[in-house]
K.L.:
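Can you keep this structure in mind? I'll have questions shortly.
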Amino acid sequence: MTRFGAACGALAAAFVISGCSVFAPTPVPRGSLIEADDYNQLTPGSSTRADAVDLLGSPTTKGAFDDNTWIYISMTTYMRPLDFPGIDKQQVVVLKFDGAGTLQSLRTLNRKDSRSVAMISKVTPTPGTSINILQQILGNVGRYNPMQNMMNSSGSGTGMMGGNSGPGHFGAGNTL
């Protein structure tokens, strides 16, 4: 019994000494992982788009209304139980080029520059009718016609019954 107690004590001591680092969240890098040494080599007025691609790779995104604005986004996240991932570190590098492809400005943003956006729990209304469960179940009753393909199988444009092949006359008409 003393050996078992000693083993349990050693195991408990190992957990205490480790500082519970076993339960620490694992950082997950996301986005364009760029370093300050890389984008500091770019100089406004002389660097080009090709230089930016060589040093930083392709941008994470471009400006919504301006293809001359390149944005590189990187962040390190960690998982939180029963919640959204937490952000440990975040960096955004914005490059603006002129029409000829020469770098005009370089701007770096970090987590302090971000703005918190609150989620709204309202529902956006959509046009149309709202139907209940009974209408959903009975909505397709009568729409299936197993004879529809047989009536138009002669290939002449008129069904087996003859006459018009439009909607309402067992024809192909406007079907889904």
K.L.:
Which residues pass the side chain to side chain contact (heavy atoms under 4.5 Å, CB included) test with Ala64, not counting sequence neighbours?
P.N.:
none
K.L.:
Is it the case that more than 12 heavy atoms not belonging to Ile120 sit under 6.0 Å from its CD1 atom?
P.N.:
no
K.L.:
Would you mind listing every ring pair (Phe, Tyr, Trp, His ring centres under 6.0 Å) that reaches into residues 88-108, with sequence neighbours excluded?
P.N.:
Trp70-Phe97
K.L.:
Among residues at least two apart in sequence or on other chains, which ones pass side chain to side chain contact (heavy atoms under 4.5 Å, CB included) with Thr43?
P.N.:
Ser46, Ser47
K.L.:
Mind jotting down which residue pairs meet the side-chain hydrogen bond (donor to acceptor under 3.5 Å, both in side chains) criterion with at least one end in residues 89-118? Sequence neighbours excluded, please.
P.N.:
Tyr39-Gln91, Asp98-Gln104
K.L.:
For Asn68, enumerate each residue passing the side-chain hydrogen bond (donor to acceptor under 3.5 Å, both in side chains) test, keeping only those at least two apart in sequence or located in another chain.
P.N.:
Arg49
K.L.:
Which other residues end up in the same hydrophobic cluster as Leu109, if Ile, Leu, Val, Met, Phe, Trp and Tyr are linked when side-chain heavy atoms come under 4.5 Å apart?
P.N.:
Ile71, Ile73, Val92, Val94
K.L.:
Hey, quick one: are Met75 and Tyr78 part of the same hydrophobic cluster, counting side-chain heavy atoms closer than 4.5 Å, chains of contacts allowed?
P.N.:
no
K.L.:
Quick one: which residue pairs count as a salt bridge (Lys or Arg N to Asp or Glu O under 4.0 Å) with a foot in residues 51-80, not counting sequence neighbours?
P.N.:
Arg80-Asp83
K.L.:
Just jot down the side chain to side chain contact (heavy atoms under 4.5 Å, CB included) partners of Pro85, sequence neighbours excluded, or say none.
P.N.:
Thr77, Met79
K.L.:
Taking only residues two or more places apart in sequence or in another chain, which ones pass side chain to side chain contact (heavy atoms under 4.5 Å, CB included) with Asp37?
P.N.:
none
K.L.:
At what distance, to the nearest 0.5 angstrom, does OH of Tyr72 lie from CD1 of Ile34?
P.N.:
7.5 Å
K.L.:
Quick check for you: to the nearest 0.5 Å, what is the distance between Gln41 atom CD and Leu106 atom CG?
P.N.:
12.0 Å
